[in-house]
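Beneath this line is the structure, given in structure tokens, with notes to follow.
Note on naming: letters A, B, ... go to the chains in the order of the sequence lines (proteins, then strands), and numbering restarts at 1 for each one. Quick caveat, the model's predicted, so the values are computed rather than measured.
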Amino acid sequence: MSEASSRKTLEERHQMSDLERLRHSCAHVLATAILRIWPEAQLAGGPPVENGFYYDIDLEHRITPEDFERIEAEMKKEVKSNNRFEKQIVSREEAIELSKSGRLGALAEREVESTFKLDLIDSIPEGEELSIFKNGEFWDLCAGPHVGRTGNCKAFKVMSVASAFYKGDAANPQLQRVYGTCFPNKTQLNEHLERLEEAKKRDHRKLGRELGLFAIDEAVGQGLILWKPKGALVRRSLQDFITGELDRQGYSQVFTPHIGKLDLYRTSGHFPYYQESQYAPIAERDQLEKLADEDASCGELMSGLDAGTIDGFLLKPMNCPHHIKIFASDHHSYRDLPVRLAEFGTVYRWEQSGELGGMTRVRGFTQDDAHIFCTPDQLLDEVEGCLELVKIVLKTLGMDQDYRVRLSLRDPDSDKYVGDPANWDKAEDALRQAVKTLGVNYTEEEGEAAFYGPKIDFVVKDIIGRDWQLGTVQVDYNLPERFDLSYVGSDNEKHRPVMVHRAPFGSLERFTGLLIEHFEGKFPTWLAPEQVRILPISDRFTEHAQALAERLSNGGARVKVDVSSDKVGAKIRLARLDRVPYMLVLGEREVENGEVSVRHRDLDDLGCRPVDEFIDAFFEEIQERRIKPVQNGESA
RNA sequence: GCCGCUUUAGCUCAGUUGGUAGAGCAACUCACUUGUAAUGAGUAGGUCGCCAGUUCGAAUCUGGCAAGCGGCUCCA
């Protein structure tokens with residue numbers, strides 16, 4: 001929940017950091033300015049958020065970026081007035097009275113009542129202290145805290161305007177949310193703005209196009225990723241890496257089809273209850289023809305599919321049912337467990353069109369999925385093993401500093417969860433115990449669990465600060481029940497196995513997208529689609545270059561020779577734009593001495609080295625999946 | 001799905017009050033044979049997102065749709 005701040009209790013609000021306090025005050029300055037321009041605006045709430053603040057307003061006029069200048073000018077006036085933020089404790093009755101006269105969230109009394117403020121008062125528990133804050137003629141219902149004076153908000157900027165539902169509920173009216181940011185001084189503000197500019201350059205959508213990693217084509221479909229040859233090489237390297245780890249941890253790799261019968265998903269509970277987030281079912285040909293003969297409507301077709309009177313298939317929204325069927329195809333003794341089935345499984349989900357974007361939110365994606373079937377006694381070990389794997393993955397990619405861990409629990413008040421509450425408790429306890437062994441901070445979040453079980457999620461931020469769930473480890477007592485899975489225990493009786501769902505990358509699409517941003521396209525050598533480029537000085541050295549390329553290529557390197565008639569400078573420039581880790585300049589000197597002139601995209605000219613020496617160090621770097629280049633002995 | 005913005009060459013962008021399009025880079029060709037971030041000259045490239053409408057005439061005005069972007073909601 002990125003908007004958790006809006007749900008903070010009064011108590012927590014009082015614990016705002018200095019920066020949050022400043023930004024919260026700046027939100028009031030923003031509100032003051034907006035009311036001066038549009039006195040009829042109805043204000044909802046204006047909390048600080050990560051990197052800034054916003055204020056939600058209801059206003060007929062559509063605020064556009066062209067209005068920002070005017071708004072900022074009015075804000076500057078308010079800052080210049082240097083009004084004091086004055087707190088006044090009021091009784092509930094007084095607050096209601098002020099709202100009714102339109103005095104709250106306003107510059108003066110007005111005909112219309114302050115509807116959102118009234119509603120907010122209503123949602124504040126009886127007995128809690130109510131306060132209003134005043135700066136100049138602007139009064140607002142607000143728990144505070146604030147900085148001393150509006151003059152403190154010196155370095156601010158109105159950033160954007162978007163829309164948001166009141167209180168985050170789609171049933172409520174849609175408000176205009178004006179985002180801004182504020183810093184203690186101009187220098188810090190400018191640094192922040194520069195960081196944002198820099199961040200845009202790392203955006204995986206931009207780099208993905210520039211580096212030829214992936215494409216999305218309207219004609220193929222929204223949210224469907226086309227992995228171009230270079231992106232596919234990155235993906236293959238990732239898959240090879242994870243496959244090696246799976247082999248080490250005793251997983252068995254399997255392959256399953258992309259579709260399954262509707263009945264399979266009726267059993268799992270996915271159909272028809274999650275229908276709105278699935279591609280429409282594929283009805284069987286014979287039945288479609290029969291229905292067409294009968295002039296049946298689409299509605300009749302759909303209800304038949306729902307009811308099970310018409311057969312059909314579903315593009316798989318997840319791999320679990322297929323893996324379950326593999327498990328169920330054999331008899332199992334407790335001695336066989338755990339069974340660990342892994343697959344790079346492609347799934348399809350009908351995500352809302354407005355949510356799609358780049359590689360991070362797509363409609364078809366490949367999970368590095370696996371399902372572990374184990375005895376209850378083995379559960380903790382298995383979960384810990386999964387966490388270990390996630391750690392290895394993130395560490396190898398240098399992302400071990402950049403993630404947070406979320407223990408996602410069920411919301412006890414919701415009925416969307418299936419299964420026995422006692423099992424839920426067991427599963428949640430097991431995960432809580434396991435997550436503690438990770439040795440990293442984690443947060444427990446209610447209501448974030450999957451419908452069939454709790455999970456541990458690994459969450460990473462993208463370059464513009466949005467949270468994305470990557471790896472996940474989930475405990476599930478429910479599906480084994482639904483599919484009536486069993487194994488024979490040492491007592492020669494049937495027992496129910498426990499399932500663990502886990503995907504250390506989450507999806508290859510999302511993970512690659514974040515990886516592009518993480519490395520700014522400069523993948524470590526082992527991941528780079530092109531690992532080394534040979535730059536002959538002139539075409540007299542083309543043959544030598546090709547011989548060297550062949551040697552490298554025979555060793556498994558992804559190598560190219562730049563045979564263009566460009567000068568070395570230009571060749572270097574192009575290689576660097578392509579983020580190729582190593583450039584080998586080859587001319588008279590090198591050929592005579594059996595050397596190469598090594599240049600690294602980050603370390604620049606490393607000088608001449610014997611060919612063999614370079615090759616050894618180069619392959620060592622790849623083999624060990626180093627993130628940082630081997631500085632093969634500072635320039636010789 | 002909802003609100004808002006955007007859509008002109010492969011990419012980044014110009015395009016005056018409506019008169020059927022332009023630059024830089026990339027691509028291609030030729031010349032140059034090069035020593036660590038851009039050698040020069042030339043050629044080609046566009047149903048101005050799509051579909052309607054207004055108009056003698058639409059990249060430009062109007063409507064619808066689609067896709068992209070920013071949020072929101074959702075995310076098994």
Atom pairs, N/O to N/O, protein against nucleotides 42-51 of chain B, distance under 3.5 Å?
none

Response to the item:
Picking from B/A37, B/G71, B/U12, the nucleotide nearest the side-chain atoms of A/Y179 would be B/G71
Worksheet item: Hey, would you say the A/F618 and A/H600 ring centroids sit under 6.0 Å apart?
Response: no
Practice prompt. To the nearest 0.5 angstrom, please state how far the CD1 atom of A/I326 sits from the CG atom of A/N319.
Written response: 10.0 Å
Practice prompt. Determine which nucleotide pairs with B/G46, using a 3.5 Å limit on both distances of a Watson-Crick or G-U wobble pair.
Written response: none
Worksheet, complete the sentence: Testing B/G68, B/A76, B/A38 for proximity to the side chain of A/R573, the answer is B/A38
Worksheet item: Which nucleotide, B/A76, B/G71, B/U39, lies nearest any side-chain atom of A/K567?
Response: B/U39
Worksheet item: When we call it a touch if two heavy atoms are under 4.0 Å apart, what does A/S160 touch: a base, just sugar-phosphate, or nothing?
Response: nothing
Discussion item. For RNA chain B, which residues of residues 589-597 of chain A approach it to below 4.0 angstrom with any heavy atom?
Written reply: A/R589, A/E590, A/S597
Item to complete: Would you classify A/E588 as touching base, sugar-phosphate or nothing, given that sugar-phosphate means primed atoms plus P, OP1 and OP2, and contacts are heavy atoms under 4.0 Å?
Response: base
Practice prompt. Would you indicate what A/F451 reaches in the nucleic acid, counting non-hydrogen atoms under 4.0 angstrom: base, sugar-phosphate, or nothing?
Written response: sugar-phosphate
Worksheet item: Counting side-chain heavy atoms from CB outward, which of B/A37, B/U34, B/A76 is closest to A/H270?
Response: B/A76
Worksheet item: Across the strands shown, which category fits A/L356 at heavy-atom distances under 4.0 angstrom: base, sugar-phosphate, nothing?
Response: sugar-phosphate
Discussion item. Using whole Å, what does the distance between atom P of nucleotide B/A76 and atom CE of A/M318 come to?
Written reply: 8 Å
Practice prompt. Return yes if some donor-acceptor pair links the side-chain N/O of A/D217 with the main-chain N/O of A/A219 below 3.5 Å, else return no.
Written response: yes
Discussion item. Once salt bridge (Lys or Arg N to Asp or Glu O under 4.0 Å) is applied, what residue pairs with a partner in residues 54-64 of chain A remain, sequence neighbours excluded?
Written reply: A/D56-A/R177
Discussion item. Under 4.0 Å, counting only non-hydrogen atoms across every strand here, what does A/V568 touch: a base, just sugar-phosphate, or nothing?
Written reply: sugar-phosphate
Practice prompt. Select base, sugar-phosphate, or nothing to describe what A/R363 touches, counting heavy atoms under 4.0 Å on all strands.
Written response: nothing
Worksheet item: Which one is paired to B/C30, where only Watson-Crick or G-U wobble pairs with both distances under 3.5 angstrom count?
Response: B/G40
Worksheet item: In Watson-Crick or G-U wobble terms, both distances under 3.5 Å, what is the partner of B/G63?
Response: B/C51
Worksheet item: Got a donor-acceptor pair under 3.5 Å from the side chain of A/R540 to the base of B/U33?
Response: no
Item to complete: Measure from the side-chain N and O atoms of A/R404 to the backbone N and O of A/T443, and report whether any donor-acceptor pair falls under 3.5 Å.
Response: no
Discussion item. Under 4.0 Å, counting only non-hydrogen atoms across every strand here, what does A/R62 touch: a base, just sugar-phosphate, or nothing?
Written reply: sugar-phosphate
Discussion item. Between A/F451 and A/Y274, is the ring pair (Phe, Tyr, Trp, His ring centres under 6.0 Å) condition met? List the steps.
Written reply: CA-CA 11 Å; A/F451 79 100; A/Y274 286 95; 5.0 Å; yes
Practice prompt. Tell which nucleotide pairs with B/C2, taking only Watson-Crick or G-U wobble pairs whose two distances are both under 3.5 angstrom.
Written response: B/G71
Discussion item. From CD of A/Q174 over to P of B/G70, roughly how many Å is that when rounded to an integer?
Written reply: 17 Å
Discussion item. Just to be sure I understand the rule, does A/G358 reach a base, reach only the sugar-phosphate, or reach nothing, if contact means heavy atoms closer than 4.0 Å?
Written reply: sugar-phosphate
Response to the item:
To the nearest angstrom, the CG-C1' distance between A/N172 and B/C3 comes to 15 Å
Worksheet item: Which part of the nucleic acid, if any, lies within contact of A/Q278, taking any heavy atom under 4.0 Å across all strands shown: a base, the sugar-phosphate backbone alone, or nothing?
Response: base
Fill in: Comparing A/S163 and A/I63 on RNA chain B - which has the more 5′ nearest nucleotide
A/I63
Discussion item. Classify the ring geometry of A/W38 against A/H61: parallel below 30°, tilted from 30° to 60°, perpendicular beyond 60°.
Written reply: parallel
Worksheet item: Taking side chain as C-beta onward, heavy atoms only, is A/K571 less than 4.5 Å from A/M583?
Response: no
Practice prompt. Between A/A170 and A/A450, just flag the one whose closest nucleotide in RNA chain B comes earlier from the 5' side.
Written response: A/A170
Item to complete: Could you tell me which nucleotide pairs with B/A23 by Watson-Crick or G-U wobble geometry, both distances under 3.5 Å, or answer none if nothing does?
Response: B/U12
Fill in: A/D457 (side chain) donor-acceptor with A/Q469 (main chain) under 3.5 angstrom
no
Discussion item. Please report whether the ring centroid of A/H501 lies less than 6.0 Å from that of A/Y452.
Written reply: yes
Item to complete: Examine the side chains of A/K316 and A/T256 and answer whether a donor and an acceptor come within less than 3.5 Å of each other.
Response: yes
Worksheet item: How would you label the contact of A/Y452 with the nucleic acid (heavy atoms, under 4.0 Å): base, sugar-phosphate, or nothing?
Response: sugar-phosphate
Discussion item. If you only use heavy atoms from C-beta on, which nucleotide in B/A67, B/A31, B/U36 is closest to the side chain of A/S565?
Written reply: B/A31
Practice prompt. Mark yes or no for a side-chain to base donor-acceptor pair under 3.5 Å between A/R349 and B/C75, with no hydrogen or angle criteria applied.
Written response: no
Discussion item. At 4.0 Å (heavy atoms only), tell me whether A/G569 reaches a base, stays on the sugar-phosphate, or touches nothing.
Written reply: sugar-phosphate
Worksheet item: Whom does B/A58 pair with, Watson-Crick or G-U wobble, provided both distances fall under 3.5 Å?
Response: none
Item to complete: Indicate the ring-plane relationship of A/F614 and A/Y582, choosing parallel, tilted or perpendicular according to the 30° and 60° boundaries.
Response: perpendicular
Worksheet, complete the sentence: A/S538 has its side chain closest, among B/G1, B/A76, B/U34, to B/U34
Response to the item:
Whole-Å distance, A/F483 CZ to B/A76 C1', equals 13 Å
Item to complete: Establish whether the base of B/C75 is bridged to the side chain of A/S277 by a donor-acceptor pair shorter than 3.5 Å.
Response: no
Fill in: Whole angstrom value for the distance that separates C1' of B/U39 from CG of A/L574
13 Å
Worksheet item: Under 30°, 30 to 60°, or over 60°: which ring-plane class applies to A/Y348 and A/H258, parallel, tilted or perpendicular?
Response: tilted
Practice prompt. Answer with base, sugar-phosphate or nothing: what part of the nucleic acid does A/G168 contact at a heavy-atom distance below 4.0 Å?
Written response: sugar-phosphate
Discussion item. Rounded to whole Å, how long is the line connecting atom CG of A/D411 with atom P of B/A76?
Written reply: 13 Å
